[in-house]
A.B. asks: 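Let me give you the structure first, and then I'll get to my questions.
The chain is numbered in sequence order, starting from 1. Remember, it's 1-based here, ligands and their atoms both numbered in the order they're listed. Treat the numbers as computed from the prediction; the structure is a model and nothing was measured.
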Amino acid sequence: MNPIIFPLAGKRVFVAGHRGMVGSAVVRRLKSIDCEILTVGHKELDLRRQDATESWLAKAKPDAVFVAAATVGGILANDTRPAQFLYDNMMIEGNLIEGARQAGVKKLLFLGSSCIYPRLAPQPMREDMLLTGALEPTNQWYAIAKIAGLKLCAAYRRQYGCDFISAQPTNLYGPGDTYDLLASHVIPALIAKTHHAKLTGTAEVEIWGTGKPRREFLHVDDLADALVFLMERYSDESHVNIGWGEDVSIAELAAMVVETVGFRGKLHYATEKPDGMPRKLLDVGMLNGFGWRPTIRLPEGLVHAYRWFVENAADKVR
Ligand code: GFB
């Protein structure tokens, strides 16, 4: 296993985006380390504002920063709000990365997204397949912002010698996910739709697309563990893929969600809705080689996610 080269114990660690699914999982994970966790709410600091972000970082003086703040969403949100996905994310990452350099942050970890790889990249997708082909049109805006973030970390490492690294997670799910159907990813969408149908006795639930696309899913608590692992044990220019290493079709996923929720009706495939990328499976050889592996299997993770939904979000979704 890679040795610890940057222990977080005793450090001031800023989690940008601590209210989101990823940021809150990182905060939960950091609680088992003896470090000081710094967070700031939206109302106090809009990370899209350069002066405010740079001043906040200069005052807070963190030793380490996890960039978990981003404007995120599923296939529909990406396709219908291109300006927000591109502008918000470019500003958030640019301000945090430059602000961190100015504030003398010793280590920063930036998060990409699996849509950064070409639409028809050979599978599984290795880190060096970045920028080898055209992007998937439904999420090209988000992908371009995220590619810029990875490149910013690499450029700051080369020009300024900053120890800024980037990780590249696969599709994520878990506690704290977004269940608003206009913004959500497929797992929360299917949980919310089948749960609602079960309660109201609705006979049929709509699944977007053909059900044929394949996706790899990682529980956000596994992701948080991998992020802490990389922060403490990795320092190089290449981004590092974080995934489970296997994928399922959307139809297979739907069957698993139906089972988890206990929905007894039928599924209808709305084929006029977009499929997005045909397949997105990450090559996780680099991270496995460092000595890290995930532990939460999809069926178990879905039970956990469903429980969280029932306890925290079900009454807010129609
Ligand atoms: O999770 P999802 O929105 O993200 O969709 P992507 C995955 C697949 O599930 C697509 C299908 O083929 C969808 O058509 N799907 C079926 C549904 N039913 C539903 C539903 O009710 N809601 C949703 N959302 N999907 C996103 C990118 O792509 O993945 C982002 O747009 C980001 O930029 C993220 O990269 C990780 O995997 O297609």
A.B. asks: Pick whichever of Y173, F85, W208, Y142 has a heavy atom sitting closest to atom 19 (C) of ligand 1.
C.D. replies: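 Shortest heavy-atom distance from atom 19 (C) of ligand 1: W208.
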A.B. asks: Where on I250 is there a heavy atom closer than 4.0 Å to ligand 1, on the side chain, on the backbone, on both, or on neither?
C.D. replies: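 For I250, only side-chain atoms sit under 4.0 Å from ligand 1.
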A.B. asks: Any salt bridge between D283 and R126, counting N to O under 4.0 Å?
C.D. replies: no
A.B. asks: Between F6 and K11, is there a cation-pi geometry (under 6.0 Å to ring centre, at most 45° from the normal)?
C.D. replies: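 So K11 does make the cation-pi contact.
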A.B. asks: Suppose I only count heavy atoms of D275 and a 4.0 Å limit; which atoms of ligand 1 are within that range?
C.D. replies: 10 (C), 12 (O)
A.B. asks: Measure from NZ or CZ of R157 to the centre of the six-membered ring of F164 and say whether it is under 6.0 Å with the direction within 45° of the ring axis.
C.D. replies: no
A.B. asks: Is V40 reachable from I92 through a run of I, L, V, M, F, W or Y residues, each pair having side-chain heavy atoms under 4.5 Å apart?
C.D. replies: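 In one cluster: yes.
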A.B. asks: Looking at ligand 1, does T138 have a heavy atom less than 4.0 Å from it?
C.D. replies: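 Contact absent.
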A.B. asks: With no hydrogens and no angle check, do the side chains of T138 and N78 hold a donor and an acceptor under 3.5 Å apart?
C.D. replies: no
A.B. asks: Which residue owns the protein heavy atom closest to atom 32 (C) of ligand 1, what's the atom, and how far is it?
C.D. replies: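 Answer, as residue, atom name and distance: S113 OG, 3.5 Å.
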A.B. asks: Applying a strict 4.0 Å limit to heavy atoms, is A143 in contact with ligand 1?
C.D. replies: no
A.B. asks: Ring centroid separation for F263 and H195, is it under 6.0 angstrom?
C.D. replies: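 When the ring centroids of F263 and H195 are compared, they turn out to be at least 6.0 Å apart.
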A.B. asks: Heavy atoms only, cut-off 4.0 Å: how does C115 contact ligand 1, side chain, backbone, both, or neither?
C.D. replies: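 The answer is both.
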A.B. asks: Which atoms from ligand 1 have a heavy atom of N78 less than 4.0 Å away?
C.D. replies: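 Numbered from 1, ligand 1 contributes 27 (C), 30 (C), 31 (O), 33 (O).
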A.B. asks: S184 heavy atoms, cut-off 4.0 Å: which ligand 1 atoms fall inside?
C.D. replies: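 This gives 24 (N) as the contact atoms.
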A.B. asks: Suppose I only count heavy atoms of G73 and a 4.0 Å limit; which atoms of ligand 1 are within that range?
C.D. replies: 30 (C)
A.B. asks: With hydrophobic residues grouped by side-chain heavy-atom distances under 4.5 Å, do V284 and F217 end up in a single group?
C.D. replies: no
A.B. asks: I'd like to know if D275 pairs up with K212 as an ion pair, taking the criterion as any Lys NZ or Arg NE/NH1/NH2 lying under 4.0 Å from an Asp or Glu carboxylate oxygen.
C.D. replies: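 The answer is no: the pair does not qualify as a salt bridge.
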A.B. asks: Applying a heavy-atom cut-off of 4.0 Å, say which part of K193 lies close to ligand 1: side chain, backbone, both or neither.
C.D. replies: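 Within the 4.0 Å criterion, K193 contacts ligand 1 through side-chain atoms alone.
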A.B. asks: Does the ring center of F229 lie less than 6.0 Å from the ring center of F290?
C.D. replies: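 They do not qualify: ring centres at least 6.0 Å apart.
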A.B. asks: Does R29 pair with D221 as a salt bridge, N-O distance under 4.0 Å?
C.D. replies: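 Salt bridge between R29 and D221, a charged N being under 4.0 Å from a carboxylate O: no.
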A.B. asks: Which heavy atom of the protein is the closest neighbour of atom 4 (O) of ligand 1, given with residue, atom name and distance?
C.D. replies: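 Scanning the protein heavy atoms, the shortest distance from atom 4 (O) of ligand 1 goes to H185 CD2, 3.9 Å.
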A.B. asks: Tell me which protein heavy atom sits closest to atom 27 (C) of ligand 1, plus the residue, atom name and distance to 0.1 Å.
C.D. replies: N139 ND2, 3.2 Å
A.B. asks: With heavy-atom distances below 4.0 Å as the criterion, list the atoms of ligand 1 near G74.
C.D. replies: 3 (O), 31 (O)
A.B. asks: Parallel, tilted or perpendicular, judged at 30° and 60°: which one describes the rings of H304 and H219?
C.D. replies: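 H304 and H219: parallel rings.
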A.B. asks: Residue-level breakdown please: for V186 versus ligand 1, do any non-hydrogen atoms fall below 4.0 Å on the side chain, on the backbone, on both, or on neither?
C.D. replies: both
A.B. asks: Do L190 and ligand 1 have an N or O pair less than 3.5 Å apart?
C.D. replies: no
A.B. asks: Looking only at protein heavy atoms, which one is nearest to atom 36 (C) of ligand 1, and how far off is it?
C.D. replies: N171 OD1, 3.4 Å
A.B. asks: Taking the six-membered ring for Trp, is the centroid-to-centroid distance between Y179 and F309 below 6.0 Å?
C.D. replies: yes
A.B. asks: Which one holds for A77 and ligand 1: side chain close, backbone close, both close, or neither close, with close meaning a heavy atom under 4.0 Å?
C.D. replies: neither
A.B. asks: Does K280 come within less than 4.0 angstrom of ligand 1, counting non-hydrogen atoms of the residue?
C.D. replies: yes
A.B. asks: Show the atoms of ligand 1 that are less than 4.0 angstrom away from any heavy atom in I75.
C.D. replies: 3 (O), 31 (O), 38 (O)
A.B. asks: Go through the side-chain N and O atoms of D225 and W292 and say whether any donor and acceptor fall under 3.5 Å apart.
C.D. replies: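 Short answer, yes.
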A.B. asks: Between P188, P278, A254, P274, flag the one that comes closest to atom 13 (C) of ligand 1 by a heavy atom.
C.D. replies: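 Going through P188, P278, A254, P274 one by one, P274 has the nearest heavy atom to atom 13 (C) of ligand 1.
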A.B. asks: Which atoms from ligand 1 have a heavy atom of P213 less than 4.0 Å away?
C.D. replies: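 Heavy-atom distances to P213 below 4.0 Å select 12 (O).
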A.B. asks: Tell me, please: is R215 in heavy-atom contact with ligand 1, that is, under 4.0 Å?
C.D. replies: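 Checking ligand 1 against R215, which is what was asked, there is a heavy-atom contact under 4.0 Å.
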A.B. asks: Quick one: which ligand 1 atoms are inside 4.0 Å of a heavy atom on A189?
C.D. replies: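 By the 4.0 Å cutoff, the relevant atoms are 20 (C), 21 (O), 22 (N).
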A.B. asks: Distance alone, cut at 3.5 Å: any donor-acceptor contact between the side chains of E136 and Q140?
C.D. replies: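 Checked: E136/Q140 side chains show no N/O donor-acceptor pair below 3.5 Å.
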